[in-house]
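Quick notes on the structure that follows.
Numbers restart at 1 for each chain; the letters A, B, ... are given by sequence-line order, proteins then strands.
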Amino acid sequence: SIKNPPQNPPPRPPPEMRRKRV
Amino acid sequence: GPIILETYRVVADFVKTSKNEINLHSGDLVEIVEKSQNGWWFCQCESKHGWVPASYLEPLDGPEEAEDVEPNYEGELYITINAYKAEQEDEISLDMGETTEVIHKLLDGWWVARKGEEVGYFPSMYLQKCGKKEKY
């Protein structure tokens, strides 16, 4: 069903978001 | 009463990789229906709905990621239920069945894990808390 989340890990955060974490 | 869904803004384009995901375009607004701890969030966007990576979204009300918990440097013991080989410099490779200490749980589904002197990001969906009787 569509309610089941994907079985693969999500992608790592895009570069835009990684900068915020620094 | 009506269900109020949280609105998030898409920060980068995302191309779906499996059928239950949806494509995202930078600047789109999406409403979040469910937040899974593994970093996939179920969202609706106009007439579409499906899973998207949490790390591609930021809250509409502010860029702060306020919901992440603080690091816990003592660590919590987890066991890996799947092997993962690091693809980037800041990730850690672990085989299936290894114990590891999780020191930071991030909402994007990539947790900071420690094994001996090595520290790096590891997919939270491949981790199960030690001592917890859950089948996988």
_Partner residues of B/Y126 under the ring pair (Phe, Tyr, Trp, His ring centres under 6.0 Å) criterion, sequence neighbours left out_ = none

_When you compare the side chain of B/Y56 with that of A/P11, does any pair of heavy atoms fall below 4.5 Å?_
yes

*Provide the closest heavy-atom pair for A/P13 versus B/S55 in the form atom of the first, atom of the second, distance.*
CA-OG, 3.4 Å

_Which atoms of B/Y84 approach chain A - backbone, side chain, both or neither, heavy atom under 4.5 Å_ = neither

*Using a cut-off of 6.0 Å, state whether more than 12 heavy atoms not belonging to B/E98 lie near its atom CD.*
yes

_Within one Ile-Leu-Val-Met-Phe-Trp-Tyr cluster: B/L57 and B/L5, side-chain cutoff 4.5 Å_ = yes

*Compare every heavy atom of B/D108 with every heavy atom of A/P10, then report the nearest pair and how far apart it is.*
CG-O, 3.5 Å

_Closest contact, heavy atoms only, A/P9 versus B/W110_ = CB-CZ2, 4.1 Å

*Is B/V30 reachable from B/V33 through a run of hydrophobic residues whose side-chain heavy atoms are each under 4.5 Å from the next?*
yes

*asked:* What I'd like to find out is whether the side chain of B/T17 reaches to under 4.5 Å of the side chain of A/P6, using heavy atoms alone.
replied: no

*B/N38 side chain near A/Q7 side chain, heavy-atom distance below 4.5 Å*: no

*Heavy-atom contact with chain A under 4.5 Å, split by part of B/S124*: neither

*Which pair of heavy atoms, one from A/N8 and one from B/M125, lies closest together, and at what distance?*
O-CE, 3.2 Å

*What residues, two or more places apart in sequence or in another chain, satisfy ring pair (Phe, Tyr, Trp, His ring centres under 6.0 Å) together with B/W40?*
none

*Does a salt bridge link A/R12 with B/D90, judged by any charged N lying under 4.0 Å from a carboxylate O?*
yes

*Which answer fits B/V52, side chain, backbone, both or neither, if we ask what part of it has an atom under 4.5 Å from a heavy atom of chain A?*
neither

*Which bit of B/E87 is near chain A, if near means a heavy-atom gap under 4.5 Å: side chain, backbone, both or neither?*
neither

*Counting distance only, does the side-chain N/O of B/N20 pair as donor-acceptor with the main-chain N or O of A/N4 below 3.5 Å?*
yes

